[in-house]
Number of protein chains: 2
Amino acid sequence: MSGLAREDYLADIYRLQCENPHDPVSTGSVADRRGVTAASATAMFKRLARDHLIVYRNYGGVSLTPEGQDLALGVLRRHRLVERFLADVLHIPWQQVDTYADQMEHALPDEVVDRMEVLLENPYTCPHGYPIPDKHGHFAQPDLILLRDLSVGEQVRVARVNERVPGLLRYVEDLGLMPGSLLRVSARNPVDLNVTIETEGRAHILGLRVSEAIWVERLESRG
Amino acid sequence: MSGLAREDYLADIYRLQCENPHDPVSTGSVADRRGVTAASATAMFKRLARDHLIVYRNYGGVSLTPEGQDLALGVLRRHRLVERFLADVLHIPWQQVDTYADQMEHALPDEVVDRMEVLLENPYTCPHGYPIPDKHGHFAQPDLILLRDLSVGEQVRVARVNERVPGLLRYVEDLGLMPGSLLRVSARNPVDLNVTIETEGRAHILGLRVSEAIWVERLESRG
DNA sequence: CAAGCGTTTTAGACACGCTTAAAACTCTTT
DNA sequence: AAAGAGTTTTAAGCGTGTCTAAAACGCTTG
């Protein structure tokens, strides 16, 4: 009845769609993300398409139907609320909450998720800065820029850190660049694309792998 | 790899074993408890026996191996800690926590369960009074008596209420007979087996269905 | 435009977990 | 001891979700 893996596929399709909104999501990218073979992804696509949760054309990738997107947003809501819960209530390090939330998110009754939301006082992002959809699938979409794309001298606040880049969370924590941290771009190297930033009085040189995994928001300018 | 339903079967076999420690657990009783057909239970028994988690003889019922019992106790631990968590932290009514915990218990990583235990300050019973095994499967086994078996005049404390008797939790709550409540047996009817009790100044007549679903402990008598 | 490479789909297989229907067994009852 | 009732097991089938190996496709390159 329920279908356990289905929702995971839908959520991953949604995430991939967001990362690259222009083209449809390829079989291989979903298979990679889920850690299964392309053949398995194809088989799942057929089931999801049969149930009108995705649109699937042979050799042409997939996209979510409105119905599929609703389900995907529900999974993301559960996932990110659970992450917040694990971090804020159970004090589990933020490096681990994504993995744990992946395991837990399917089994949680709606009422439990809703009560967690109340307990947490309606957070609107997960600990890594991704938005938490409300019960109707709505969520804030603030104007964020990749750290990679900043100019020298800009002062910004860290808003989001990609939780699926191996080792990044640990690294970012050591540097004091968690969501909410303030930083200033003090230099850019146009050849190797390194970015030098200053935060809490210390300077750090960030490579491309890092600077394109961190989103920031410009500080409100007055006047 | 993991096997989702397997653990449910093991836990239910354990529960049934406790209810009737003398004979082995029958196929039908497990099937009833799990809400599946006897054929399904038989099929699962073969898988569990193949993996040395139960001992299974054709037409002869099943019993847990030490390994199977360890797993079963782990499930019970998770189940009852989650119940406590749902009741105490998320304030979900105790009538519902058993159902929700059933859904959640498989998906919870050990670390999450352990942190819940710390947050709850190491409770040793679930909200209905069943003991919570520790990480090694050990748990307190206090001397409890069925309310059914009390004599007139005895003063006792409610210790445990069977959470799987339909409607009982609601009924018991209305009567003020939650675990911890004190009561005195004021009469017994030897024909219809009704028991009359007094609690908080009010008297109630309890039928057999109720009196054999509530365990009590005798109050410490001072020497 | 054809060759070739990488991606995707098909084909065939398997484990899990469930079903119904029929056969086998056990136990009680006469 | 045979009959019958109730329980349990077998048999056959279905959906999910995965795999490997082989075939089909599509795109880039010579």
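Chain naming here is simple, since letters A, B, ... match the order of the sequence lines and numbering starts at 1 in each. Heavy atoms only: backbone and side chains are in, while hydrogens, waters and symmetry mates are out. Predicted, not measured: the structure shown is a model, and the values here were computed from it.
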Report, one line per pair, each donor and acceptor closer than 3.5 Å where one atom sits in a side chain of residues 53-64 of chain A; sequence neighbours left out.
residue : atom : partner : partner atom : Å
Y56(A)  : OH   : N58(A)  : OD1          : 3.4

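Note on ring orientation: taking the six-membered ring where Trp is involved, the planes of H128(A) and W94(A) are parallel (angle under 30°, cut-offs 30° and 60°).
Donor-acceptor pairing under 3.5 Å is lacking for the side chains of Q69(B) and Y14(B). Of the N and O atoms on the side chains of E163(A) and Q95(A), not one donor lies less than 3.5 Å from an acceptor on the other residue.
Residues in residues 16-37 of chain B take part in no ring-ring contact (aromatic ring centres under 6.0 Å, His included) pair, two or more places apart or across chains.
Nearest heavy-atom pair, V158(A) versus V216(A), reported as atom, atom and distance to 0.1 Å: CA-CG1, 4.1 Å.
A salt bridge between R170(B) and D174(B) is present, with a side-chain N of the basic residue lying under 4.0 Å from a carboxylate O of the acidic one. Ion pairing between D51(A) and R6(A) holds under the 4.0 Å rule for side-chain N and carboxylate O. Salt-bridge check for R33(B) with E19(B): passed, with a basic side-chain N closer than 4.0 Å to an acidic carboxylate O. One finds a salt bridge joining D114(A) and R77(A) here, because a Lys/Arg side-chain nitrogen approaches an Asp/Glu carboxylate oxygen to under 4.0 Å.
From the 5' end on, the contacts that DNA chain D makes with chain B at under 4.0 Å to a non-hydrogen atom open and close at dT8(D) to dT10(D).
Between I145(B) and E217(B) there is no side-chain heavy-atom pair separated by less than 4.5 Å.
The line from CZ of R164(B) to CG of D98(B) is 4.0 Å long, rounded to the nearest 0.5 Å. Note: L86(B) CG to M104(B) CE = 5.0 Å, rounded to the nearest 0.5 Å.
Only S26(B), T27(B), G28(B), A38(B), A39(B), listed by number, bring a heavy atom of residues 26-40 of chain B to less than 4.0 angstrom from any atom of DNA chain D. Taking a 4.0 Å limit (strictly below) on heavy-atom distances, residues 42-57 of chain A reaches DNA chain D at A43(A), M44(A), R47(A), R50(A). Within residues 58-74 of chain B, the residues having any heavy atom under 4.0 Å from DNA chain C are, by residue number, Y59(B).
The separation between L10(B) atom CG and dC16(C) atom P is 14 Å, rounded to whole Å. dC16(C) atom P lies 14 Å from atom CD of E7(B), rounded to whole Å.
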